[in-house]
Amino acid sequence: VPVITLLTDYGTRDSYVGELRGTLLARVPDAVLADITHEVPPGDLPAAAYVLARSWRSFPAGTIHLTVVDPGVGGARAALALESLGHFFVGPDNGVFTPVLEAAGEVIELTVPPAASATFHGRDVFAPAAAALCSGRPLSSLGPVLRAPAIRLPPPRLRPEGGGTTGEVIYVDRFGTLITNLGPALGNEIEIAGLRLQLSRTFGDVPPGEPLAFVGSGGTIEIAVRDGSAAELLGLGRGAAVRAERPR
Amino acid sequence: VPVITLLTDYGTRDSYVGELRGTLLARVPDAVLADITHEVPPGDLPAAAYVLARSWRSFPAGTIHLTVVDPGVGGARAALALESLGHFFVGPDNGVFTPVLEAAGEVIELTVPPAASATFHGRDVFAPAAAALCSGRPLSSLGPVLRAPAIRLPPPRLRPEGGGTTGEVIYVDRFGTLITNLGPALGNEIEIAGLRLQLSRTFGDVPPGEPLAFVGSGGTIEIAVRDGSAAELLGLGRGAAVRAERPR
Amino acid sequence: VPVITLLTDYGTRDSYVGELRGTLLARVPDAVLADITHEVPPGDLPAAAYVLARSWRSFPAGTIHLTVVDPGVGGARAALALESLGHFFVGPDNGVFTPVLEAAGEVIELTVPPAASATFHGRDVFAPAAAALCSGRPLSSLGPVLRAPAIRLPPPRLRPEGGGTTGEVIYVDRFGTLITNLGPALGNEIEIAGLRLQLSRTFGDVPPGEPLAFVGSGGTIEIAVRDGSAAELLGLGRGAAVRAERPR
């Protein structure tokens, strides 16, 4: 039985995640449920898309990624199920699947049952669809092909500038690490908030309390503070400009 | 093997939930454990009862709900195991099972082993009982029938008033949504904190920052703020009066 | 298939725990994953060691404890896998395994693959080793025997003083309970912050808001406040002195 991952902004203190798990297990008693996170900031689609982009590949082929960050629940946005690179993705059509749409095969528009709550499609639309896929039902049986192209989030800025490349902070993790969209090939001299940093390898390369830039575990350049928070020290967050260049 | 759900106020940062999981898996290695939440505010029985009421039905028949919010641990309160509507419930006799007592069959008083810690019945009394049920032991083998009726929480107020019905906020979720005990049949004109709201269908029906009333996914009327917190905007919490009436 | 527990300081809001779970399930699809916690304060080795000490024994023999609190990731510290008392432990050589080193058999130094991220050994070194053990690979196949003794945290103070014994607070839980290293045999008169407390049995033995000392579920003396926080009321934290003596 394939794994079903859960990625939501429901938080973990209410009944919502329990209702998701119950709905899945009631339909597929031997489903393997694996939380990615339920702590996406409410409605934060770029954060959800980043966390999904980072984590889906770690799971085995055939995994079903139930991804419900859904500020437009009950409105006009479509409900989707799609296959991309051997994994399945189920959730709203609001850009959360941007990282996997390029390679996606057919994108299916899920039929919303008339009895579905207008505010909890996670339980009433998306979990049943994920359970159906988990039980082996084919994707195409879940609804018609989506007619319009699925929605994508605008790509973060990435442009050549003064002999280097300017990108931006695309995610801030719980340690206050600033994760950028700059690939390591763009240069090993990093400029952020007036600070110039040479690429380090890991935290221990700088003294405690000092900032460093390094190639993060997601494959792009990150700015951190050893035993501290770069977001706090530099007063920066998502969208902040970062520049990489090759030293002269 | 049946699912065992976990609902506690232990939080997730200490060893307590790990000790619960270990105790269960040591006794039933193939048990399927499903968290409902561990973030019930410490000792908050109405919140625990509400979250249980919302989530237990989503799980498959035969599920064992290990529910440990237990401010009186080690004191005189009884330890319970019971069956209701095809599900099992294990936890303290303090009102947390109010939502399922009406339909309950026999209620068993668990025998507390002499070696049980006086402050961690979750690990030493309730988890072993849940594991026993999960292994197929009959309910009646876990102890004698409880002699007194199990404790119930006082029902929230719900009374006719001025041609409408006054109820109250019974739960505030992590989004600041005010969940009431008013059923949708009681009227579609909602009054709360001097505010009059017509029932909407979903968040998108009002502009961002505006309050709305709607029939929530738990089946009762809720008051929310689109992309915001009704609890904050209105300065209200559990117990706040809410009125529903049919428009004249 | 043995259980794999997860104990980290990664938090639950980013992709990191999802990447761990995916890495494990991609290699051992039927692995049973059990969170202990992901909320260890970042880099707090004594807290991680305490939580591990409390919880590992609850799990069945053969369990693999993936324990990644790793402030020195990518630096000179070794990566370990070891067996102790019938359980396996995988994580960094920084003292986090202090509670189980005394009884450990051979301690293996994991080989770090050249492609491993310098900042995410949890995913690239420790999870693959845990998965290998879970698949039945022998410990000794994971690398050479560690040459130096594994690192241990300094033991908390525990010394006779004035007819009693002075110990210290070694952990503060989410309820603000002060957990000490004083065993119950050291005496039932407890002194902390100028306060003298007789050992109680459980919270109900004192009125709400009052402090009490009792033998906690971890087997040592704890100081709590009924329906409150001892850490807040007494203004104390880890390292605070606590004295036990037998009454005269």
Side-chain angles (χ1 to χ4, degrees), chain B residues 1 4 6 8-35 37-45 68-77 92 94 112 114-128 131 174, chain C residues 1-7 9 11-12 30 32-41 44 47-63 65 87 171-177 179 199-205 208 212 214-219 222 224 226-229:
Chain B
V1 181
I4 302 176
L6 286 75
T8 78
D9 61 356
Y10 290 165
T12 52
R13 72 177 198 75
D14 300 315
S15 63
Y16 307 126
V17 174
E19 293 180 75
L20 278 194
R21 287 197 231 279
T23 301
L24 293 165
L25 291 171
R27 289 156 192 254
V28 193
D30 54 347
V32 174
L33 308 183
D35 289 329
T37 183
H38 299 289
E39 306 294 342
V40 172
D44 187 336
L45 298 172
V68 193
V69 175
D70 193 12
V73 61
R77 64 107 190 88
N94 59 16
V112 175
S117 158
T119 53
F120 198 2
H121 281 194
R123 180 191 64 190
D124 296 342
V125 178
F126 299 121
R174 89 124 165 175
Chain C
V1 180
V3 175
I4 301 176
T5 72
L6 285 75
L7 196 171
D9 61 356
T12 52
D30 54 347
V32 174
L33 308 184
D35 289 330
I36 292 176
T37 182
H38 299 290
E39 306 295 343
V40 172
D44 188 336
Y50 179 77
V51 171
L52 179 64
R54 279 288 303 251
S55 42
W56 73 268
R57 252 178 232 280
S58 298
F59 286 88
T63 294
H65 300 280
H87 289 236
Y171 188 79
V172 182
D173 77 9
R174 89 125 165 175
F175 303 100
T177 299
I179 302 177
L199 276 193
S200 301
R201 210 182 59 88
T202 189
F203 306 107
D205 296 350
L212 73 156
F214 61 100
V215 182
S217 55
E222 306 186 5
R226 182 174 173 195
D227 304 339
S229 162

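Remember, predicted model here, so these are calculated numbers, not experimental data. Below, read A as the first sequence line, B as the second, and so on, with proteins coming before strands; counting in each chain starts at 1.
Although no hydrogens or angles enter the test, the distance criterion places a donor-acceptor pair under 3.5 Å between the side chain of B:Arg123 and the main chain of C:Ser217. In this structure, the side chain of C:Thr202 engages the main chain of B:Val73 through a donor-acceptor pair within 3.5 Å.
For the residue pair B:Thr12 / C:Arg174, no side-chain donor-acceptor distance below 3.5 Å is found, with atom types taken as modelled.
For C:Ile179, the part lying near chain B is the side chain, with the backbone staying farther off; criterion is any non-hydrogen pair under 4.5 Å. Neither the backbone nor the side chain of B:Arg27 comes within less than 4.5 Å of any heavy atom in chain C. Neither the backbone nor the side chain of B:Asp124 comes within contact range of chain C; no heavy atom of the residue lies under 4.5 Å from a heavy atom of that chain. At a 4.5 Å heavy-atom cutoff, the contact between B:His38 and chain C is made by backbone atoms alone.
If you tally non-hydrogen atom pairs under 4.5 Å between each of B:Gly43, B:Gly74, B:Ser117 and chain C, the highest count goes to B:Gly74. Chain B forms the most heavy-atom pairs under 4.5 Å with one residue out of C:Phe214, C:Phe203, C:Tyr171, C:Phe59, and that residue is C:Phe59. Contacts with chain C were tallied for B:Ala127, B:Ser15, B:Pro29, B:Pro71; B:Ser15 has the most, counting heavy-atom pairs under 4.5 Å. Annotation: maximal heavy-atom pairing with chain B below 4.5 Å, among C:Asp205, C:Asp35, C:Val32, occurs at C:Asp35.
Between C:His65 and C:His87, the ring planes lie parallel to each other; the angle is under 30°, not in the 30° to 60° tilted range.
Here the closest non-hydrogen pair linking B:Thr8 and B:Val69 is C-CG2, 4.0 Å.
A salt bridge is absent between C:Arg54 and B:Asp14: the closest approach of a Lys/Arg side-chain nitrogen to an acidic carboxylate oxygen does not fall below 4.0 angstrom.
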